[in-house]
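One structure below.
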Number of protein chains: 2
Amino acid sequence: MTRRSRAEMLKETRANLIKAARSAFAEKGYAGASMDDLTARVGLTRGALYHHFGDKRGLLAAVVEEIDSDMAMQAHEIGQRQTNSWEALMKEGEAYIELALDPEIQRIVLLDGPSVLGDPAQWPSQNRCLQATMTTLERLMDESFIKPVDIEAAARLLNGAAMNAALWVAGSDTPEKVLGRAIHAFRQLASGLRISPDR
Amino acid sequence: MTRRSRAEMLKETRANLIKAARSAFAEKGYAGASMDDLTARVGLTRGALYHHFGDKRGLLAAVVEEIDSDMAMQAHEIGQRQTNSWEALMKEGEAYIELALDPEIQRIVLLDGPSVLGDPAQWPSQNRCLQATMTTLERLMDESFIKPVDIEAAARLLNGAAMNAALWVAGSDTPEKVLGRAIHAFRQLASGLRISPDR
DNA sequence: GTACTAACATACGCTTTGTATGTGAAATTC
DNA sequence: GAATTTCACATACAAAGCGTATGTTAGTAC
């Protein structure tokens, strides 16, 4: 029998709303997205939304959490594929920059997110991207690849640089070209953390 | 006679509106600030606002331009006070971080600005902070203090790092302590651009 | 002094948000 | 297995805010 349990339907509704919100927020921006339209598009009304997420902000928080999680996973996985620890950090940073080329991520996480939810570093999702970078940095320090740095501070600045680079790339007329320049500069900056003054 | 010319009154009205907007946006955030309240506080109605700035966004743009200008001036001036070119860049960066501790700058320029007006680097004000950093970097390159880097790319990432650091500092429980950590990390990252592998 | 324009004020409609209340079906209790 | 509670929504309502269209008044040009 195709009968779905109540819990299953609940999860599906939540997922549907979040999915719709992702595209709506990405297209119209947070302020421009109408909750009536959003919910109607998945065959519901605002009643469902306020039941599940409390308010419009709550929905954005859920969306951001999901995207943030995705980003951290992908970037960290790419980093893990590297054998060289230093390259792992570099590729991870590059991955953030490239991931942020996605308009959805741009608009929702980089632009509207901070405005509505405040400093990303203090999001309930604890900014998994930051966590991932910190983990990588710790490993580098253990292996004496980098100077004894303040891990959190370094991770924050590195991430900030990467995110800003992403905005730059995405906003440019020739993203492909600018991407290369951004990545190169990222590597140069990061090299400031290394022990051996890289080549 | 205390008679003011028409042009003077116009300028004064604009200035009054911008001033009121600065505090209103800083306090309530862009979305939360009511244009009715805002204009009433300086003895006007929304009519004046829409006449001078077109719409709410236009007012924010004007406010951001003013603040951005102030920031760049102050930071650059601090940089110019240094005799050592490298220290100039460092102090300039530190100045940005410290300036951004001002809640007004935080909320308006770092959080709401990008959300409403888009990527700061593409603001009509051309982001004077970025321009200032680029100027300083160029000088450093001429004097062979730093490697031959992509000036724009380096400036963008540096600024991004600084701004992110500022958010971190401001959001922390012990801003004074965190400020030191942020500045130190900033210097370490920036050293990646130097030719001599600083001490 | 007449015509025009700049600098506002007033009035209105539309959209949107949040909340308060209703409802039916499933789950629980006994 | 009937009664009751609870969940997952829908509906209705009130309030606020934005933008626009339309006055209105004071200065300016000629």
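Chain letters run A, B, ... following the sequence lines, proteins first and then strands; every chain starts at 1.
Distance, A/Arg14 CZ to D/dC7 P: 15 Å, rounded to whole Å. Distance B/Lys56 NZ to D/dG17 C1': 8 Å, rounded to the nearest Å. Rounded to whole Å, atom P of C/dT19 lies 17 Å from atom CZ of A/Phe53. Across the protein-nucleic acid pair, A/Asp36 atom CG and D/dC13 atom P stand 15 Å apart, rounded to whole Å. The nearest whole Å value for the distance from the CE atom in B/Met35 to the P atom in D/dC18 is 5 Å. Between A/Leu60 atom CG and C/dT17 atom C1' there is a gap of 15 Å when expressed in whole angstrom units. In this structure, B/Arg46 atom CZ and C/dC8 atom P are separated by 16 Å, rounded to whole Å. The nearest whole Å value for the distance from the CD atom in A/Glu12 to the P atom in D/dC9 is 10 Å.
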TODO: Decide yes or no on salt bridge (charged side-chain N to carboxylate O under 4.0 Å, His left out) for A/Glu27 and A/Arg107, but give the supporting numbers first.
DONE: CA-CA 8 Å; A/Glu27 265 184 55; A/Arg107 180 86 235 182; over 6 Å; no
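When side chains are defined from C-beta on, B/Ile97 does not count as touching B/Glu94, because their heavy atoms never get closer than 4.5 Å. A 4.5 Å side-chain heavy-atom check between B/Leu167 and B/Gln106 finds at least one atom pair inside the cut-off.
Counted by atom type alone, B/Thr39 and B/Arg46 present zero donor-acceptor pairs between their side chains at under 3.5 Å.
Nearest nucleotide to the B/Tyr50 side chain, out of D/dG19, C/dT17, D/dA10: D/dG19. Comparing C/dG18, C/dA9, D/dC9 by their closest approach to the side chain of A/Ala48 singles out D/dC9. In the set C/dA7, C/dA9, D/dG19, the nucleotide with an atom closest to the side chain of B/Asp55 is D/dG19. Taking every side-chain heavy atom of B/Thr45 into account, C/dA9 is the closest of C/dA9, D/dT20, D/dA12.
Using a 4.0 Å heavy-atom criterion, one finds that A/Gly43 contacts the sugar-phosphate atoms exclusively. The residue A/Ala33 sits close only to the backbone: its heavy atoms come under 4.0 Å of sugar-phosphate atoms, none of a base.
Distances shorter than 4.0 Å separate none of the side-chain N or O atoms of A/His51 from OP1 or OP2 on D/dC7. Between B/His52 and the phosphate of C/dC8, there is a side-chain N or O to OP1/OP2 separation shorter than 4.0 Å. Remark: A/Ser34 is not in phosphate contact with C/dT15, judged by side-chain N or O atoms under 4.0 Å from OP1 or OP2. Checking the phosphate oxygens (OP1, OP2) of D/dC9, a side-chain nitrogen or oxygen of A/Thr13 falls inside 4.0 Å.
A residue-by-residue look at B/Leu49 and A/Ala31 shows that B/Leu49 has its nearest nucleotide of DNA chain C further toward the 5' end.
Taking all atoms of both residues into account, the shortest heavy-atom contact from B/Arg22 to B/Asp70 is NH1-OD2, 3.7 Å.
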